[in-house]
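Take a look at the structure below.
Keep in mind that this is a model prediction, so the values were computed, not measured. A, B, ... follow the sequence lines: proteins, then strands. Residue 1 opens every chain.
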Amino acid sequence: MLLYRSAMTTSENQWKNAVSSFQAPPSEGIAARAMAARQGGADYLARMNPEQREAVESLDGPVLVLAGAGTGKTRVLTTRIAHILATRRAFPSEILAVTFTNKAAREMKDRIGQLVGGAVEGMPWLGTFHSIGVRMLRKHAELVGLKSNFTILDTDDQIRLIKQLIQADGIDEKRWPARQFAGALDGWKNKGLRPADIPEGEARAYVNGRGRQLYADYQARLKVLNAVDFGDLLLEAVTLLKQNPDVLADYHRRFKFILVDEYQDTNVVQYMWLRLLAQGSHNICCVGDDDQSIYGWRGAEVDNILRYERDFPGAKVIRLERNYRSTSHILGAASHLIAHNEARLGKTLFTDLVPDEEEAKVQVASAWDSEEEARSIGDEIERFQRRGTNLNEIAILVRASFQMREFEDRFITSGVPYRVIGGPRFYERAEIRDALAYFRIVMQPGDDLAFERIVNTPRRGIGDTSVRTLHDYARREGVPLTEATRQLVATEEFKGKTRLALTDFLAQVDRWRDQLHAMKHTELGELILDESGYTAMWQNDRSAEAPGRLENLKELIRSMDEFESMEGFLEHISLVMDRDSGEEQEAVSIMTLHSAKGLEFDTVFLPGWEEGLFPHQRALDEGGRSGLEEERRLAYVGLTRAKRHCLIWFTSNRRIHGSWQSSIPSRFLDELPTAHVEIKESGSAYGSSFGRSNPYGQSRFDSVERFQSKYETPGWQRAQKAAQSAPRSSGGGFASPKQASYGRGAKLIEGELIAKSVVSGSAKFDKGDRVFHVKFGPGNVALVDGNKITVDFDKAGQKRVVDSFLEKA
DNA sequence: ACACCTTACCTTTTT
DNA sequence: GGTAAGGTGT
């Protein structure tokens, strides 16, 4: 903290310098100011369109900037800050600017730096909701019952803690999994509810009706541990401001301007926190896009943005609708799709770029199953690559992460470099968490969770029973585990090996703590990992991932170097979930639609547009209409990531939870405007060599077929089908490059696609029936369970399949 | 303490 | 169908 403050003052001076070279002080008269403005100041405004400019210049009172995808949202935000500084309305330290992710915060810092010139360390209040929450809490910790060096628990610690409380309460862990309660806890905290505030009904719905009690116990335990969880970073900050008017008044005086990024993602506590702070200057500017709200499931309230004008009376609403990213076809498709949502403020994106003949429409293609889908997309990507597209400009955006594997498999065999974005984060890996636990226990002897994590890692012969003994003692005496250990090894409680191991462990930790200020923190870090035997543990591990883990540990030490001290490092790591190390190698990106928000690519593939997967069945079941709308927003996010090419895929069959399901194309396909969409004939929909049944028989693309037959006679269709079922030349090649290349055989649909609800395969089957399956061939029915049929296939063995997929043979 | 077996899960994820 | 976590047995 001390470190932070000194950094602040020096850079405040930097800022003053930067600002004054930016624009002459007011006293020098209008002419001088105008001149200065022409040189530097006006520059940043001149490059904006009228709406952006209005968003930048409307400094007084609440403002909501509805910024559609690709309309220059970040640019407005950063320019607005530059403008505040240039017009000397506030010092950098008087601006509160919040984002959701560290990445966004970093980007904002960089871009402000570019605008104003120079590094932007001088904005101490630019950061994520959580990091700013921490900042406030550290400063006033004692007002909410904490010490300012409190620890921040991550989800893993949180769950272990809950588990302990559940056990201590003698509650059946199976019936009330800690994980589930952690979810409830998060939900409450996101809504700003403290134990006393949760609705009676909900309180009773958990842990044998003891939900409220457990929540309260958990909070009490956190206070004892001098710890907070992620939810508390905001909830406690709100509590702090609510209960201490003087503190709030202080912040009111400080923050002349408040800016909020991605407002559509804010939850209730974040909203409460912002409202409290905005009561000061009223100069709050929120930027967001209701159409890109895709985090409802983790507490985001679209309502926050929908209600803005009511919440902040007199708010000015500015719409940014001029899109600088995508072609008019992509924009047209996305806008038409999202127009099907009811709960939205309404915006229409447009581009000035005239649609060009060359410009590709959004393509829709189908595949037999996910394997073929991956293969076709892979082929397509290689074609793009041959035409000179940089692989970094290509992305595959999936709804669910299990879809990724098929692509990875395919890309590994075909040698297409790819990168998966999203997976487990660096800090979440076991070795990193272990290493951090070592550092934590050195820094904070009272960190029981850290103690437990590493007391027997690597194995020291301190098993569960010993830890339990320590635990009981610690609880009885009201001391941390470290202290309990210290006291108990002095007695006869532990014998022989265990006693020795504990004594040694304790001595080690003490020794490291003594070194804390005697050596550089990076060296100490290394020393700890070596002396504890932790490094050796992985060196001796012969498993495939061990070398990678050692590499990660090295990376961890390396990254410590960027921090002044161990404290600074731990603070950072507990809040920052960045996986860094951006390999710069050219590669296709594979990620979920969620993690694609905010990114853009020249070419975007959107596989898996099938009912049940996208929109996801669970979103429909649990979210109803609003669930569907959120899925639709996700589709909108996907489409609007594309700059020039957008290719949507669906398959006729997909294996879900082990059994094959025939799938129906997503309803979202019907919601695309035909004028901007092209149905791509991949050949594959016909192209199964098992093709006894026409996959189109189950698809709304029947209507397409009908349309096509105006041009192509039914006879042609039959011929086509016959040709496809004939043995194919290239090995497994259902879609030769010629066949599938753009513009060839592609059919334009002019009429609206009409959903054809297909109630397929209602035929009933009985045990013993001889059946035929499109994928597995002939077999006998072994068991009938509703529409799920277990069949003994002649070739493929026993499989459980859906009846719509079977024909009587 | 470790190896093996059974069972439950299976949407999205930042801080 | 595949995985991960938890439980049981040696």
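- With distances taken from any side-chain atom of A/Thr155 to the nucleotides B/dT15, B/dC10, B/dT12, the minimum falls on B/dT15.
- Side-chain rings of A/Trp176 and A/Phe181 stay apart, their centers remaining 6.0 Å or farther from each other.
- Note on A/Arg655: every side-chain N or O is 4.0 Å or more away from OP1 and OP2 of C/dG1.
- A/Trp297 has its ring centre less than 6.0 Å from the ring centre of A/His594.
- Across the protein-nucleic acid pair, A/Ile159 atom CD1 and C/dA5 atom P stand 11 Å apart, rounded to whole Å.
- Between the CD1 atom of A/Ile421 and the P atom of B/dT13 there is a distance of 12 Å, given to the nearest Å.
- For A/Glu622, counting side-chain heavy atoms from C-beta on, the closest listed nucleotide (B/dT12, B/dT11, C/dG2) is B/dT11.
- Contact annotation for A/Asn190: no contact, since no heavy-atom pair falls under 4.0 Å across all strands.
- Taking atom CD1 of residue A/Ile656 and atom C1' of nucleotide C/dG2, one finds them 15 Å apart after rounding to whole Å.
- Rounded to whole Å, the C1' atom of B/dT13 lies 22 Å from the corresponding atom of C/dG2.
- When both distances must be under 3.5 Å, the Watson-Crick or G-U wobble mate of B/dT12 does not exist.
- In this structure, NE2 of A/His657 is placed 8 Å from P of B/dC10, rounded to the nearest angstrom.
- C/dA5 and B/dT12 have their P atoms separated by 15 Å, given to the nearest Å.
- In summary, the aromatic rings of A/Trp188 and A/Tyr215 are positioned with their centroids under 6.0 Å apart.
- Atom CZ of A/Phe100 is separated from atom P of B/dT12 by 20 Å (rounded to the nearest Å).
- At C/dG6, one or more side-chain N or O atoms of A/Lys163 fall inside 4.0 Å of OP1 or OP2 (strictly under the cut-off).
- For the pair A/Arg654 and A/Trp660, the cation-pi test (distance below 6.0 Å, angle within 45°) is failed.
- Within 4.0 Å of A/Gly461, counting heavy atoms only, lie sugar-phosphate atoms of the nucleic acid but no base atom.
- OP1 or OP2 of B/dT15 has at least one side-chain nitrogen or oxygen of A/Asn102 nearer than 4.0 Å.
- Across all strands, A/Arg405 comes closer than 4.0 Å only to sugar-phosphate atoms, never to a base (heavy-atom distances).
- A close approach under 4.0 Å does occur between a side-chain nitrogen or oxygen of A/Thr592 and OP1 or OP2 of B/dT13.
- In this structure, the CZ atom of A/Phe402 is 8 Å from the P atom of B/dT12, given to the nearest Å.
- OP1 and OP2 of B/dT15 both lie 4.0 Å or more from every side-chain N or O belonging to A/Arg298.
- In this structure, A/His130 and A/Phe230 have perpendicular ring planes: the angle between them is above 60°, well past the 30° mark.
- Side-chain atoms of A/His616 and base atoms of B/dT11 include no donor and acceptor less than 3.5 Å apart.
- Taking only side-chain atoms of A/Ser401, from C-beta outward, the nucleotide of B/dT11, B/dA1, B/dT15 with the closest atom is B/dT11.
- With both pairing distances under 3.5 Å, B/dT7 is matched to C/dA4 as a Watson-Crick or G-U wobble pair.
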